[in-house]
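For reference, the structure is listed below as structure tokens.
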Amino acid sequence: MTNMHVSLPGLELKNPIMPASGCFGFGREYAQFYDLSKLGAIMVKAVTPEMRRGNATPRVAETESGMLNAIGLQNPGLEAVMEHELPFLADYDVPIIANVAGKTPEDYVEVAAKISQAPNVHALELNVSCPNVKEGGIQFGSDQEQLAMLTRAVKEVSEVPVYVKLSPNVTDIVGMAQAAEHAGADGLTMINTLIGMQLDRRTGKPLLANGRGGLSGPAIKPVAIRMVYDVSQAVSIPVIGMGGVSTAEDALDFMYAGASAVAVGTANFTNPMACMDIIHGLETFIHTENIDIGDIVGRSYRACETLSSR
Amino acid sequence: MTNMHVSLPGLELKNPIMPASGCFGFGREYAQFYDLSKLGAIMVKAVTPEMRRGNATPRVAETESGMLNAIGLQNPGLEAVMEHELPFLADYDVPIIANVAGKTPEDYVEVAAKISQAPNVHALELNVSCPNVKEGGIQFGSDQEQLAMLTRAVKEVSEVPVYVKLSPNVTDIVGMAQAAEHAGADGLTMINTLIGMQLDRRTGKPLLANGRGGLSGPAIKPVAIRMVYDVSQAVSIPVIGMGGVSTAEDALDFMYAGASAVAVGTANFTNPMACMDIIHGLETFIHTENIDIGDIVGRSYRACETLSSR
Amino acid sequence: MLSLEVTSNRFLTSDVVQMELTSEQDLGRGSVGKFIHIDVGRTLRRPISICEVDGHSLTIVYRIEGTGTAWLSERQSGEVLNALGPLGSGYPIMKSGKALLVGGGIGIPPLLQTAKELASNGVQVTTILGFRSEPFLVEEFATYSDVHVVTEDGSHGTKGFVTDVMDAFTYDTFYSCGPRAMLQAVKQRATSPGYLSLEERMGCGVGACLACVCDKADGTYAKVCTDGPVFESEEVVL
Amino acid sequence: MLSLEVTSNRFLTSDVVQMELTSEQDLGRGSVGKFIHIDVGRTLRRPISICEVDGHSLTIVYRIEGTGTAWLSERQSGEVLNALGPLGSGYPIMKSGKALLVGGGIGIPPLLQTAKELASNGVQVTTILGFRSEPFLVEEFATYSDVHVVTEDGSHGTKGFVTDVMDAFTYDTFYSCGPRAMLQAVKQRATSPGYLSLEERMGCGVGACLACVCDKADGTYAKVCTDGPVFESEEVVL
Ligand SMILES: Cc1cc2nc3c(=O)[nH]c(=O)nc-3n(C[C@H](O)[C@H](O)[C@H](O)COP(=O)(O)OP(=O)(O)OC[C@H]3O[C@@H](n4cnc5c(N)ncnc54)[C@H](O)[C@@H]3O)c2cc1C
Ligand SMILES: Cc1cc2nc3c(=O)[nH]c(=O)nc-3n(C[C@H](O)[C@H](O)[C@H](O)COP(=O)(O)OP(=O)(O)OC[C@H]3O[C@@H](n4cnc5c(N)ncnc54)[C@H](O)[C@@H]3O)c2cc1C
Ligand SMILES: Cc1cc2nc3c(=O)[nH]c(=O)nc-3n(C[C@H](O)[C@H](O)[C@H](O)COP(=O)(O)O)c2cc1C
Ligand SMILES: Cc1cc2nc3c(=O)[nH]c(=O)nc-3n(C[C@H](O)[C@H](O)[C@H](O)COP(=O)(O)O)c2cc1C
Ligand code: FES
Ligand code: FES
């Protein structure tokens with residue numbers, strides 16, 4: 001057996017691969033395709049205090065090598081998630097990272113305080129970067145002081161380590177990362193979607209009912225790689241990387257760029273077995289190269305003696 | 001004959017299509033493929049006061065539906081451009097938009113003052129958004145005050161209208177656009193490339209010698225469209241849109257989003273006839289719909305009575 | 001996941017194509033109104049309804065709309081498609097009585113298997129098929145039902161909309177699929193409750209991404225990909 | 001722009017493929033060492049050297065490296081490729097005397113037309129072909145020249161590098177193409193000036209984007225796509 005184990009604050013991962021928030025619901029649907037216990041972790045859909053209906057449809061559009069979404073944080077609300085969704089996931093041997101969202105700092109604090117008590121929630125992911133809602137979300141993710149304030153508030157109430165999810169729609173991603181780190185974040189997850197828009201060819205109007213949407217998929221991978229590369233060298237907390245990962249090679253790229261673990265979003269839609277295929281690909285790589293998975297983290301900017309430059 | 005004429009500050013365009021800066025050199029090479037006089041205008045390669053050697057190679061990499069470049073503003077320098085390149089272009093009936101770059105405001109002012117005197121240079125494009133050089137470029141493009149200062153300085157010396165080229169790598173693109181407008185910019189061109197990175201699979205190191213590069217091509221089109229949409233509604237100076245345009249439909253999308261004219265970059269590499277194909281496609285459209293090209297500008301956010309929702 | 005081998009792919013009209021597929025897996029006959037989610041080599045899969053299904057053979061009928069359906073139309077016999085499905089919840093099939101099927105445009109295909117299953121249960125089936133101009137699948141429906149063709153331009157059958165001829169028939173329930181405006185009109189005109197099949201842009205197709213929601217009459221929402229695409233006509237807000 | 005019809009596409013080794021193409025346009029015979037820039041359905045075209053050319057027929061030989069060359073290897077006879085070219089400036093062909101050709105790996109193909117043209121001028125040609133392990137095109141070179149095979153693993157010919165055998169020959173000039181490290185070694189070892197063909201990642205392929213520059217000995221720079229790919233050995237800094 002190859003060793004793919006990764007230790008991160010609050011998280012002992014069997015392997016570094018996990019579905020990204022919003023692309024995997026609360027796991028039920030993909031449980032038909034494979035055993036969820038095989039995943040490193042699961043980042044569940046954003047949770048807000050109250051039930052949210054989200055935006056009007058259409059909510060998704062396809063772009064060249066990517067897609068736009070404007071779901072608008074639809075979710076059944078904190079209570080329903082605690083009662084119905086998390087217990088379902090407790091049947092699997094997999095740590096849950098709860099994605100926390102809200103309109104106000106109080107919303108975040110409320111969700112964080114409660115959801116961090118769920119036995120299978122091993123970490124929180126602060127969604128301060130959702131481009132698809134009018135209030136909350138992105139303003140916390142584009143201002144260093146607001147981000148720091150929110151991070152501190154959540155850290156105070158959370159029973160588990162807190163990861164801050166960074167928005168790529170900023171001038172200074174390193175500054176945002178450092179603000180989160182100084183405010184006590186235990187880790188970073190990045191990147192959320194780029195803000196984008198598609199027009200309907202027939203009407204000329206925006207295709208998504210919400211107008212703007214979040215761009216994800218292979219198209220954004222170069223942006224994500226450079227941000228992970230820059231941020232991972234500027235902070236001393238771990239980074240979980242994401243943005244356009246659909247193969248094991250993509251996952252390796254993120255680890256080379258400095259990510260300690262990797263999340264898979266859009267690729268689940270293209271290929272429901274994406275996470276499994278990536279885990280198997282990584283296993284083969286680790287086995288062939290006869291290395292520890294941790295050895296390759298940051299290879300793009302530091303010598304990596306155990307690995308041949310094949 | 002369909003009327004594709006577009007009037008912009010300093011520019012009387014036969015049609016709204018022009019090659020984007022850096023993707024067309026100074027026109028010589030593409031003159032083998034078609035008559036340059038058929039273009040709306042030509043945005044020539046960035047010019048700096050002195051000759052620049054640019055970055056080490058490799059300078060380009062392909063990404064999913066896009067590419068990265070880190071040319072590093074290589075150019076023969078102001079004098080050589082004035083003596084050898086612009087006179088070559090003077091043989092064609094096409095207005096030139098000179099792309100001005102530098103390390104310091106003095107550099108920009110020097111190039112602007114001189115190059116704006118060339119008889120066929122009808123407008124300047126301030127390149128404050130090149131992600132591939134250590135000094136100059138992007139810092140002017142990511143700080144509102146520096147941008148305004150630079151714009152004012154160049155406006156003072158330029159004999160022709162000044163367009164400011166906006167970088168998409170900012171938190172607040174509308175704020176940048178308004179800063180340029182208030183400082184006296186006659187128009188905006190957008191977007192320049194997104195900062196990205198690709199790793200070499202074999203070594204794990206960045207593939208480009210420069211590390212980071214600028215992401216262009218169809219992958220970034222949704223980001224460009226949303227920025228043109230937001231900016232064109234927030235300013236009263238015209239916008240020349242670009243980012244991933246490779247077909248007439250793409251060009252229409254940018255005009256619907258609020259661009260008065262459209263530039264074509266990366267697509268020239270994929271298809272050297274790209275600009276011609278797009279112009280012909282637009283002609284067919286304008287002819288079939290029996291409208292003025294100007295009528296469709298901003299169709300995504302305003303009623304456009306002359307056009308059927310086909 | 002399904003591996004589907006293309007056995008034929010032919011144009012029924014200038015832009016409507018019928019594709020016959022063979023599945024390794026036995027799909028039975030129960031997927032009336034369900035859909036498959038086809039990998040067309042792009043980021044998102046394309047949802048296409050099952051038109052006919054019987055064991056290992058499957059037929060879909062699609063209109064060329066954009067990149068994905070254009071790609072489908074270029075597939076040759078022998079090529080293998082990757083699809084998810086059958087997905088969603090389809091039309092419940094009555095055991096007796098009279099059924100009215102109302103299909104519009106590219107909403108027509110999923111009603112064919114429905115007609116077949118109803119007829120084999122002994123239900124008396126009437127079908128109204130609405131087209132812009134060029135009809136397709138009319139003969140196939142005629143095998144199982146009494147067919148009435150309506151075209152917007154009057155080039156075939158009655159000129160007008162499907163709702164213009166609905167009143168002529170009596171039925172215990174109806175089954176409808178087509179553009180949203182047509183479904184609204186059909187629901188309003190119908191003299192009984194029935195079933196509507198909805199279309200919505202999809203991400204995952206399996207219920208995970210919440211791209212495809214629609215409002216339910218009780219104030220909650222449903223996912224078209226898993227709770228639908230077929231809903232009881234009183235259940236959803238159109 | 002060239003329309004090139006694939007007439008054959010066959011593997012010479014496990015990953016080296018020879019593709020024969022027919023051009024609508026007469027390409028003559030003069031494109032020795034030039035390249036074509038092929039549309040492989042992605043953002044950037046792929047530069048591939050001309051291996052043989054005669055009027056309407058053209059041969060390229062390529063190694064499968066990534067997406068573009070993999071795509072090329074899947075093309076069937078009858079399919080039509082879109083390419084730009086012949087591009088660049090190639091090898092000047094001597095009129096008499098002795099020439100040494102030194103090719104390494106996938107740098108070997110462009111030397112075949114060179115050997116042919118030199119031989120037809122009556123030049124006495126010696127060829128050193130270096131491979132990692134599996135040789136290809138050896139017989140074709142033997143038609144026009146005296147061939148020496150070198151392999152890194154010793155499985156064929158002499159074990160070692162091309163430079164290990166260079167000293168055995170005398171020549172008035174040399175023509176070389178291969179990995180940069182090989183070109184450096186060849187240039188250093190050579191007893192005469194000669195010609196080097198360089199590789200560089202390209203954007204436009206026509207001289208407009210400045211992606212493909214290299215340093216010249218005189219302190220200026222050159223573009224591999226238009227000023228090259230072939231340069232005089234003393235002209236460029238490797
Ligand atoms: C449950 C369901 C069943 C369907 N059954 C059929 C059928 O049997 N025959 C048929 O011809 N069409 C059917 N459609 C519509 C079909 O899915 C679209 O026409 C198709 O996805 C268009 O893809 P494209 O790549 O050709 O178009 P593009 O416009 O290039 O597609 C771009 C994106 O928009 C989506 N999209 C575009 N139009 C629609 C649409 N009308 N509905 C949903 N998504 C859309 C595509 O899936 C893709 O993600 C069905 C749709 C749904 C939701
Ligand atoms: C003037 C010239 C002539 C060439 N002639 C031949 C030939 O005759 N036979 C042959 O097998 N190869 C030749 N090459 C190399 C060939 O261009 C690359 O192997 C090929 O582009 C790889 O493309 P890919 O899609 O398979 O690889 P990928 O790695 O998927 O390509 C990604 C990008 O990198 C570029 N790239 C990758 N490797 C190279 C390389 N070595 N040189 C230039 N660009 C590269 C590609 O063009 C593409 O833009 C030549 C290169 C040049 C510059
Ligand atoms: C349909 C969809 C819904 C998403 N919902 C959320 C969400 O609820 N919370 C969140 O933090 N990120 C959300 N994201 C962003 C992803 O978690 C991820 O950061 C982004 O999609 C980039 O990864 P990818 O390119 O692999 O998809 C969503 C993305 C998509 C495509
Ligand atoms: C190879 C290359 C070189 C470029 N050089 C310049 C430049 O010198 N000045 C500039 O303002 N923009 C430069 N750009 C940016 C383009 O002008 C354009 O803004 C960008 O590529 C987006 O358009 P596209 O997607 O159509 O390529 C360059 C782009 C590429 C691909
Ligand atoms: S398409 Fe993802 S939930 Fe329906
Ligand atoms: S590839 Fe563009 S200048 Fe050579």
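Model, not experiment: these values are computed from the prediction. Note on naming: letters A, B, ... go to the chains in the order of the sequence lines (proteins, then strands), and numbering restarts at 1 for each one.
Every pair tested for salt bridge (Lys or Arg N to Asp or Glu O under 4.0 Å) that includes a residue from residues 6-28 of chain C fails, sequence neighbours excluded, so the list is empty.
No more than 12 heavy atoms of other residues, nucleotides or ligands sit less than 6.0 Å from atom CD of C:Gln76. Heavy atoms from other residues, nucleotides or ligands lying under 6.0 Å from CD of C:Gln188 number 12 at most. Within a 6.0 Å radius of CZ in C:Arg132, no more than 12 heavy atoms belonging to other residues, nucleotides or ligands are found.
Between chain A and the residues C:Asn82, C:Asp215, C:Thr226, the most heavy-atom pairs under 4.5 angstrom are made by C:Asp215. The choice from A:Gly22, A:Cys23, A:Gly66 that makes the most heavy-atom pairs within less than 4.5 Å of chain C is A:Gly66. With respect to chain C, the highest number of heavy-atom pairs below 4.5 Å among A:Met67, A:Glu64, A:Gln32 belongs to A:Glu64.
Nearest heavy-atom pair, A:Pro58 versus C:Arg201, reported as atom, atom and distance to 0.1 Å: CB-CD, 3.9 Å. Heavy atoms only, all atoms of each residue included: A:Phe269 and C:Cys204 are closest at CD2-CB, 3.6 Å.
A side-chain contact (heavy atoms from CB on, under 4.5 Å) with C:Leu210 holds for exactly one of A:Val60, A:Ile71, A:Asn75; it is A:Ile71.
Of the two parts of A:Leu68, neither the backbone nor the side chain holds a non-hydrogen atom closer than 4.5 Å to a non-hydrogen atom of chain C. Contacts of A:Tyr30 with chain C are made by side-chain atoms alone, with heavy-atom separations under 4.5 Å and no backbone atom involved. If you measure heavy-atom distances from A:Thr63 to chain C, the contacts under 4.5 Å come from the backbone alone. Using a 4.5 Å cut-off between heavy atoms, A:Ser65 contacts chain C through its backbone alone, with no side-chain atom that close.
Within residues 42-56 of chain C, the residues having any heavy atom under 4.5 Å from a heavy atom of chain A are, by residue number, C:Arg42, C:Thr43, C:Leu44, C:Arg45, C:Arg46.
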**OP:** Please assess C:Val213 against A:Arg53 for the test side chain to side chain contact (heavy atoms under 4.5 Å, CB included), listing each intermediate value before the final yes or no.
**Re:** CA-CA 9 Å; C:Val213 297; A:Arg53 301 185 66 88; over 6 Å; no

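Atom CE of C:Met1 sits about 7.0 Å away from atom CZ of A:Phe33, to the nearest 0.5 Å.
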Check: residues 271-282 of chain A side-chain donor-acceptor pairs under 3.5 Å, at least two apart:
from     : atom 1 : to       : atom 2 : distance (Å)
A:Asn271 : OD1    : A:Met273 : N      : 2.9
A:Asn271 : ND2    : A:Asp277 : OD2    : 3.0
A:His280 : ND1    : A:Met276 : O      : 3.3

With a 3.5 Å cut-off and sequence neighbours excluded, list the donor-acceptor pairs that the side chains of residues 77-98 of chain A form with protein atoms.
from    : atom 1 : to      : atom 2 : distance (Å)
A:Glu85 : OE1    : A:Arg28 : NE     : 3.2

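The shortest distance between side-chain heavy atoms of C:Tyr221 and A:Met51 falls below 4.5 Å.
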